[in-house]
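First up is the structure itself, then whatever we jot down about it.
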Amino acid sequence: MEQVTFTILRYDPERDPKPYYRDYQVRITKPGMMVLDGLNQIRWEQDGTLAYRRSCREGVCGSDGLNINGVNMLSCITHIEDVVKKGRLVIQPLPGLPLIKDLVVDLTDFLDKYFLVKPYLITRTPPPARERLQTPEERKKLDGLYECILCACCSSSCPSYWADPDYLGPSALLNVWRFISDSRDEGAEERLGLLENRHGPWRCHTILNCIEACPKGLNPTRAIAGIKRALVERKF
Ligand code: FES
């Protein structure tokens, strides 16, 4: 494979009446080239107007979630050879989010929902002399929850999220479950109160797209099931 066609959705709201697709030829210059390397090659060598987000290049900052050949993923940790189909990659912005320019979407609403669920430790008891401790077993309960990098790949792959503009979505729900599950947290009741409505976990219909989309291998559906169980137990 010497070159791959990148078919990229382009849109400049100041110039274009509507989005369109444009093809670029990307040279494969080294083994294991990432999709982000291809985007950089286009921007640096062919078309400096192409807009996309990236920062860490290591799957840590969560800024480069994209829809690549129909699946949400991070361009910086996705090998071109793993996703290319018939010599082509179709690259679009994350679906279901307002488009700003080219591959850049507006994450304001996504992040507002994250902050709505109070993603921090809530404590009411006086602090101990040094720190709030956890046993290794209590700490282990946070594995698979704390690793979320807020890339929005999960929420923007969820049909329930597209259909209900007020649905919190898998990312915010995974993060609220992370704190409810934390042995040091004393805000579970407050958080569960926020979630008992039709835009909370009950909006999840177990479609499971979020699991496939998460680049960190997390399972938001399982977290949402945990919240549903906690809400039921709280009632009875
Ligand atoms: Fe930071 Fe991809 S550039 S996660």
Side-chain angles (χ1 to χ4, degrees), residues 4-11 24 26-85 88-115 117 119-120 142-158 161 169-175 178 209-221 223:
V4 169
T5 303
F6 276 39
T7 301
I8 300 179
L9 185 134
R10 302 295 313 265
Y11 178 57
Y24 299 89
V26 169
R27 285 174 290 105
I28 303 301
T29 53
K30 57 182 179 186
M33 233 175 107
M34 301 294 178
V35 176
L36 179 59
D37 294 324
L39 291 173
N40 287 339
Q41 189 186 109
I42 293 168
R43 184 173 160 83
W44 295 340
E45 299 176 15
Q46 301 182 44
D47 186 345
T49 68
L50 178 63
Y52 53 96
R53 288 197 181 102
R54 79 283 185 216
S55 181
C56 70
R57 297 186 60 167
E58 294 184 24
V60 174
C61 72
S63 61
D64 63 329
L66 291 172
N67 186 275
I68 302 171
N69 277 354
V71 181
N72 291 353
M73 53 189 88
L74 297 176
S75 69
C76 67
I77 55 169
T78 301
H79 292 281
I80 292 175
E81 65 208 36
D82 289 344
V83 286
V84 69
K85 284 193 184 130
R88 183 181 300 273
L89 290 181
V90 179
I91 303 180
Q92 308 178 85
L94 290 177
L97 299 170
L99 183 56
I100 296 176
K101 184 175 186 240
D102 296 337
L103 300 175
V104 178
V105 290
D106 185 349
L107 291 170
T108 306
D109 180 68
F110 170 78
L111 293 172
D112 283 349
K113 286 169 176 163
Y114 169 68
F115 289 115
V117 299
Y120 40 81
L142 306 181
D143 287 346
L145 299 174
Y146 77 89
E147 301 94 330
C148 175
I149 55 171
L150 296 175
C151 63
C153 284
C154 62
S155 293
S156 66
S157 73
C158 172
Y161 193 79
S171 175
L173 291 169
L174 178 120
N175 278 289
R178 176 254 175 270
N209 281 10
C210 54
I211 301 173
E212 187 188 1
C214 179
K216 307 303 277 188
L218 308 183
N219 188 330
T221 307

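We count residues from 1, following the sequence as given. As the structure lists them, so they are numbered: ligands from 1, and atoms in each ligand from 1.
Annotation: side chain to side chain donor-acceptor pair (under 3.5 Å) contacts of Glu45 (sequence neighbours excluded): Arg27.
Under the 4.5 Å side-chain criterion, counting only non-hydrogen atoms from C-beta, Ile42 is in contact with Ile8. Residues Val83 and Val71 form no side-chain contact, since every pair of their non-hydrogen atoms from C-beta on lies 4.5 Å or further apart.
Classification of Arg54 and Asp37 as a salt-bridged pair fails, no side-chain N sitting under 4.0 Å from a carboxylate O. Classification of Arg10 and Asp47 as a salt-bridged pair holds, one side-chain N sitting under 4.0 Å from a carboxylate O.
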Would Tyr161 and Leu97 count as a side-chain contact (heavy atoms from CB on, under 4.5 Å) if you check the C-alpha gap in whole Å, the side-chain angles of each, and the deciding distance to 0.1 Å? CA-CA 10 Å; Tyr161 193 79; Leu97 299 170; 4.0 Å; yes

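Excluding waters, the set of protein N, O or S atoms lying under 2.8 Å from atom 1 (Fe) of ligand 1 comprises Cys56 SG, Cys61 SG.
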